[in-house]
Amino acid sequence: MASAAPFDPAALRQDFPILQQSVNGAPLVYLDNAATTQKPEVVIQAIANYYRRDNANVHRGAHTLSDRATVAFEAARETVARFINSPRSNQVIWTRGATEAINLVAYSWGHTHLRAGDRILVSYLEHHSNIVPWQLAAAATGAEVVPIPITEAGDIDLQALTGLLDERVKLVAVNHVSNALGTINPVAEISRLAHAAGAKVLVDGAQAIAHMPVDVQSIGCDFYVFSGHKLFGPTGMGVLWGQEALLDTMPPFLGGGEMIETVSFSGSTWNALPFKFEAGTPNIAGAIGMAAAIDYLAGIDIAAAAAHECSLLQQSIDLAGDIDGLRRIGNPAQTVGIFSFVLEGVHPSDLGMLLDEQGIAVRTGHHCTQPLMAHYQVPGTVRASYSLYNTADDVERLFAGIHKAKRLFG
Ligand code: PLP
């Protein structure tokens, strides 16, 4: 792996072809990185080269191309395993994304381990994809989904969590980083508390994976999930990581090719991990693209990138101080570079449209966190989510756009 070069966002920007364009007559300012990140040329090339040279189905090694595809596909799994410090690569299960990974656990583990009266704790900070699968599992088993309160600043209330942890709780499901507020949750501490109460822990790492080193062993959770597209990799590709002993006890989620050992009309038996959970032809190019993204990140000082993103957040907070009626939502103790706000008298979607007309891409709305929006009593927010290729100029452009909106709507 390459060693990290001095951190230089303006230079990194050059690695991303999509950022070199104008949108609506102005150079693109892309501030929607929590929704999806852009892809560096090396990732685009890795996917294109796979289709140009090696495309074949995997694990059916009757010919050279199939061998090459299989080697690259399984090497990608090893790359992910090293990236998150998994003890073994068979604990890395490919999914379509974080959402499918959570659904896999909710169905496979949830339907077999939850009973009437059991509780699943999920925080107010959760994305719908870490709420709804648990509601479905609860409806099927008689268990109950119970929200973990948060503080006004947007941090999980650890005291309240401790108070909720009793023998009824079978699972605690929390995100590592909130997509709406940027809160970095103390997931190692939460895992410790939950385990002491006999509950399993699922950490949704969708927003953490691009902003900090993730070490599943030091977090100590039972499941960790994320999506490749938030990590500079392709869409349609994600990971479920799980404790091996737990994954071994879980029944398959989807049935089909690849996940079986034997099939007969008197019954079928299941393949070993990770294949038991990977029915059908997988997203081979997606795995290769995700590994290329991880290799790309290996050349970047991630701590410096995170500090840079937080400096853009601080710049946003400072510039927001000059704007009457602009209210930041949340003020978490530990945060990534996400700035979520409302502007009095301007609907978030109107502001988003006006910014788009100036080539500035932000996300507006509830961010798939309706319970959180209800908690703050706002219909939605405008969210600028910063990545390693954003610059102080991008933030200046955002605030010039907000000032323009104020003039137009004011
Ligand atoms: N969890 C969080 C915190 C997210 O921000 C997202 C996507 O925005 C998801 C889960 C779902 O990810 P995906 O749509 O890639 O499955």
Side-chain angles (χ1 to χ4, degrees), residues 30-39 80 84 93-107 122-136 147-148 150 154-156 172-187 190 201-212 214 219 221 223-241 253 277 283 286-287 289-290 293 309 329-330 332 334-340 361-373 375 380-387:
Y30 186 78
L31 303 178
D32 196 16
N33 295 288
T36 199
T37 51
Q38 298 304 348
K39 319 306 169 199
V80 170
I84 60 173
I93 292 153
W94 300 121
T95 64
R96 284 190 300 132
T99 303
E100 186 180 276
I102 297 169
N103 276 278
L104 191 165
V105 178
Y107 278 84
V122 303
S123 88
Y124 268 95
L125 290 173
E126 300 316 304
H127 189 280
H128 295 162
S129 60
N130 203 19
I131 299 175
V132 180
W134 304 117
Q135 290 176 328
L136 293 171
I148 308 167
I150 57 170
D155 292 301
I156 288 182
V172 177
V174 290
N175 55 38
H176 196 167
V177 169
S178 151
N179 63 307
L181 306 184
T183 316
I184 301 175
N185 287 313
V187 286
I190 291 170
V201 178
L202 179 140
V203 177
D204 169 4
Q207 293 296 336
I209 199 75
H211 301 285
M212 62 192 68
V214 168
I219 293 171
C221 55
F223 302 105
Y224 194 96
V225 308
F226 59 93
S227 298
H229 70 96
K230 303 205 195 258
L231 180 66
F232 313 105
T235 51
M237 197 58 195
V239 165
L240 163 65
W241 176 87
F253 173 45
F277 293 112
N283 183 352
M290 190 193 289
E309 291 156 12
I329 303 298
Q334 301 284 329
T335 180
V336 300
I338 285 181
F339 184 65
S340 224
V362 293
R363 172 94 184 256
T364 63
H366 56 61
H367 315 297
C368 299
T369 58
Q370 287 185 11
L372 184 66
M373 298 296 116
H375 173 83
T381 74
V382 180
R383 180 187 69 188
S385 50
Y386 300 119
S387 185

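Both counts, for ligands and for their atoms, begin at 1 and track the order of listing. In this chain, numbering begins with 1 at the start of the sequence shown.
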**Student:** Between Phe223 and Ile102, is any pair of side-chain heavy atoms under 4.5 Å apart?
**Tutor:** no
**Student:** So do the side chains of Met373 and Ile329 get within less than 4.5 Å of each other, counting heavy atoms only?
**Tutor:** no
**Student:** Using 0.5 Å steps for rounding, measure from the NE2 atom of His229 to the OG1 atom of Thr37.
**Tutor:** 8.0 Å
**Student:** Taking only residues two or more places apart in sequence or in another chain, which ones pass side-chain contact (heavy atoms from CB on, under 4.5 Å) with Arg363?
**Tutor:** Asp32, Ala35, His367, Cys368, Arg383
**Student:** With under 30° as parallel and over 60° as perpendicular, where do the rings of Phe253 and Tyr107 fit, or are they tilted in between?
**Tutor:** tilted
**Student:** Please produce the table of protein N or O atoms sitting under 3.5 Å from N or O atoms belonging to ligand 1, one pair a line, distance to 0.1 Å.
**Tutor:**
unit_1, atom_1, unit_2, atom_2, d
ligand 1, 1 (N), Asp204, OD1, 3.3
ligand 1, 1 (N), Asp204, OD2, 2.5
ligand 1, 5 (O), Gln207, NE2, 2.7
ligand 1, 8 (O), His127, NE2, 3.4
ligand 1, 8 (O), Lys230, NZ, 2.5
ligand 1, 15 (O), Ser227, OG, 2.6
ligand 1, 15 (O), His229, NE2, 2.7
ligand 1, 16 (O), Ala98, N, 3.4
ligand 1, 16 (O), Thr99, N, 2.9
ligand 1, 16 (O), Thr99, OG1, 2.6

**Student:** His128 versus Pro371: any side-chain heavy-atom pair under 4.5 Å?
**Tutor:** yes
